[in-house]
K.L.:
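Can you keep this structure in mind? I'll have questions shortly.
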Amino acid sequence: RFERLKAKGIAIARTEKQDLAARIDSFNRRMHPRNAKEKELRESALAKAKIPLPMACAAIAHIDRARTTRFMMRMAAYALQLTSYDREVSMWRDMWEAIRLLDPSADPAGTKPKQPSKPTPMPVADATIKKVVEELHRQLQDIRLHCALRNRSQ
């Protein structure tokens with residue numbers, strides 16, 4: 001491994017090499033446990049990191065409701081823009097007809113108003129999802145600590 005780094009022209013000090021080797025060894029032990037104890041450590045770490053299904057479902061539902069609410073607010077704003085656009089177009093048509101009545105060869109006055117663009121549902125940002133998952137993990141740790149303290153006092 002270090003030869004590849006040397007071939008690329010990357011010099012690694014002795015301590016960095018040892019640190020890198022220790023990290024690689026730790027990673028390999030986690031991904032490919034050699035014995036039952038390492039496998040048990042990996043399984044317990046994975047079990048601690050898992051978010052219970054009801055919590056995950058509640059978080060997903062909350063994110064979806066927030067996304068839907070934001071979209072509905074954007075649609076309400078779009079409806080207001082659309083009514084304003086309809087009024088402007090009606091006024092523009094009236095002015096155009098009045099000018100055409102006075103002078104049939106005249107061009108219409110001003111430019112026709114542009115229709116507002118319809119909003120589309122926005123995906124949830126990755127940063128938002130990351131914050132939600134971190135908050136869920138924090139709450140889960142608090143719940144586990146609370147349960148452990150309650151069991152200890154009984």
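All values derive from a computational prediction rather than experimental measurement.
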K.L.:
If you compare all heavy atoms of E88 against all heavy atoms of P113, which two are closest, and at what distance to 0.1 Å?
P.N.:
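That closest heavy-atom pairing would be OE1-CB, 3.6 Å.
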K.L.:
So if you build clusters from Ile, Leu, Val, Met, Phe, Trp, Tyr with side-chain heavy-atom gaps below 4.5 Å, do I63 and L140 land together?
P.N.:
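Looking at the clustering, L140 is in the same group as I63.
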K.L.:
Residues in side-chain contact (heavy atoms from CB on, under 4.5 Å) with S26, at least two apart?
P.N.:
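Scan of S26 (side-chain contact (heavy atoms from CB on, under 4.5 Å), adjacent residues dropped) gives R29, R30.
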K.L.:
At what distance, to the nearest 0.5 angstrom, does CZ of R144 lie from CD of Q141?
P.N.:
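The distance works out to 8.0 Å.
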K.L.:
Applying side-chain contact (heavy atoms from CB on, under 4.5 Å), name anything that partners D103, two or more places apart in sequence or on another chain.
P.N.:
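Only S105, A106 meet the side-chain contact (heavy atoms from CB on, under 4.5 Å) criterion with D103.
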K.L.:
Tracing side-chain links under 4.5 Å among I, L, V, M, F, W and Y, which residues wind up in one group with M31?
P.N.:
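M31 clusters with F27.
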K.L.:
Once side-chain contact (heavy atoms from CB on, under 4.5 Å) is applied, do any residues pair with I51, and if so which ones, sequence neighbours excluded?
P.N.:
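In terms of side-chain contact (heavy atoms from CB on, under 4.5 Å), with neighbours along the sequence ignored, I51 is linked to M55, A56, V133, L136, H137.
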K.L.:
Excluding sequence neighbours, so at least two apart, what forms side-chain contact (heavy atoms from CB on, under 4.5 Å) with P33?
P.N.:
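For P33, the residues satisfying side-chain contact (heavy atoms from CB on, under 4.5 Å) (neighbours in sequence not counted) are E38, K39, R42.
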K.L.:
Can you list every pair that meets side chain to side chain donor-acceptor pair (under 3.5 Å) and has a residue in residues 123-135, with sequence neighbours left out?
P.N.:
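Listed once each, the pairs are E135-R138, E135-Q139.
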K.L.:
Taking side chain to side chain donor-acceptor pair (under 3.5 Å) as the test, write out the residues that go with R150, two or more places apart.
P.N.:
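If we apply the side chain to side chain donor-acceptor pair (under 3.5 Å) test to R150, skipping adjacent residues, there are no hits.
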K.L.:
If you look only at pairs with a residue in residues 63-81, which of them pass as a side chain to side chain donor-acceptor pair (under 3.5 Å), with sequence neighbours excluded?
P.N.:
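Qualifying pairs: none.
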K.L.:
V132 and V124: same hydrophobic cluster, using ILVMFWY side-chain contacts below 4.5 Å?
P.N.:
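Same hydrophobic cluster.
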K.L.:
How long is the straight-line distance from CG of L82 back to NZ of K118, given to the nearest 0.5 Å?
P.N.:
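Separation between the atoms: 9.5 Å.
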K.L.:
Any chance you could pull the hydrophobic cluster mates of L149, using side-chain heavy atoms under 4.5 angstrom and chaining through other members?
P.N.:
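Listed partners: L145.
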K.L.:
Could you give the distance from CD (E40) to CG (N35), rounded to the nearest 0.5 Å?
P.N.:
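Going from the CD atom of E40 to the CG atom of N35 covers 10.0 Å.
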